[in-house]
Amino acid sequence: MSKPRVLITRKIFPEWIDEVKSVADVDLWEDELPPSREILLEKSKGIDGILCLLTDKIDSEFMDNAGSQLKVISQIAVGFDNIDISEATNRGIPVGNTPDVLTATTADATWALLMSAARRITESERFVRRGDWKTWHPLHFLGQDIHSATIGIIGMGRIGFEVAKRANGFGMKILYYDTNRRKDLEEKLDMEYVDFNTVLTDSDYVSLHTVLSEETYHLIGESEFKKMKKTSILVNAARGPVVDSQALYNALKNGDIWGAGLDVTDPEPISKDDPLLKLENCVIVPHIASATVKTRFEMSKISAQNLINGITGEPLVTCVNPEVY
Ligand code: GLV
């Protein structure tokens, strides 16, 4: 009997590709860049499963094109806004993601961004590399204190909570807003549930940890920046479109806020001509919050296991839409 056919849309840790090869015929897209839409559709015709990335749009057209034998969509990421989940659910296709293994790593990276923006690390590093460092100066590169400041976390899920735990170590006051109040977590950590506006007005650092949805699209725009402290810093390690990029640029340029640390942008990748890249008070890294050796290995493992389980009819290890079962 022929093996099931699967498409893997980018290289992952080779051990886990080999694992998939033990049960399936694997078509691996080896380029650094994502397959074009045309190639993605062409390669997915007749497949039993796909291991995809957040750069692959998995919608009804994709599912129609793949065919009714498609048994699993396994995403190597915790977020899945590139996948039409209700469409997959209607068709009985389980969708896997890679939560938990990246939670602490992503929280660490959030802190790296927060601290870089607050203490002007990337800006002053550029200054040193340019050969501009001539002397120690009492008024050079003055940043914002982190210890004892107030952090406002928007989205108190797994990553938001890990960010809060680290804030505790800095002796910070922790505010949070989420559509669900998390009293269970408030019992574990001294943090205060406040409304959305209060997070904006009272925080020195506003850190975003929401999913991207219709409700959170441009959640932070011009009027939100106007409410924030002029000394405040916005950190986004969630999804680029949660922030209105033009409004962010204006807020940083006009001094409505003091700085920003971004793991994600809108669009991704950000164009090298984007005006945000001209601003010294904006730290931008290329969506790398979960990028450590250990975490990406674990993400490779879980996404491969989800793919294998899906094509062999076993429940996924981590399933976004368990109602298909
Ligand atoms: C990365 O952004 C992820 O969702 O894992």
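Order of listing sets the numbers, starting from 1, for every ligand and every atom in it. We use all heavy atoms of the structure for the numbers below, so side chains are in, but hydrogens, waters and symmetry mates are not.
The backbone N or O of K21 sits less than 3.5 Å from a side-chain atom of K3, completing a donor-acceptor pair.
Considering backbone and side-chain N/O atoms, S290 never comes within less than 3.5 Å of an N/O atom of ligand 1. Checked against a 3.5 angstrom limit, the closest N/O atoms of G79 and ligand 1 fall inside it.
In D132, the CG atom is crowded: over 12 heavy atoms of neighbouring residues, nucleotides or ligands sit closer than 6.0 Å. Counting non-hydrogen atoms of other residues, nucleotides and ligands closer than 6.0 Å to CD of E222 gives a total of 12 or fewer.
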Residue pair S60, D84: steps toward the side chain to side chain donor-acceptor pair (under 3.5 Å) verdict: CA-CA 7 Å; S60 59; D84 188 335; 5.5 Å; no

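For ligand 1 and R239, the ligand atoms under 4.0 Å from any heavy atom of the residue are 1 (C), 2 (O), 3 (C), 4 (O). Atoms of ligand 1 found under 4.0 Å from any heavy atom of A77 (numbered from 1 in listed order, with element): 3 (C), 4 (O), 5 (O). The ligand atoms of ligand 1 that sit less than 4.0 angstrom from a heavy atom of L54 are 1 (C), 2 (O). Annotation for ligand 1: atoms under 4.0 Å from non-hydrogen atoms of L102 are 5 (O).
Remark: of the listed residues I153, L175, L185, L185 is the sole one forming a side-chain contact (heavy atoms from CB on, under 4.5 Å) with M191. Checked against V6 for a side-chain contact (heavy atoms from CB on, under 4.5 Å), the options I47, D27, L307, L28 give a single hit: L307.
The heavy atom nearest to atom 2 (O) of ligand 1, considering only H287, E268, Q75, is found in H287.
Of the protein's heavy atoms, V78 N, 2.7 Å lies nearest to atom 5 (O) of ligand 1.
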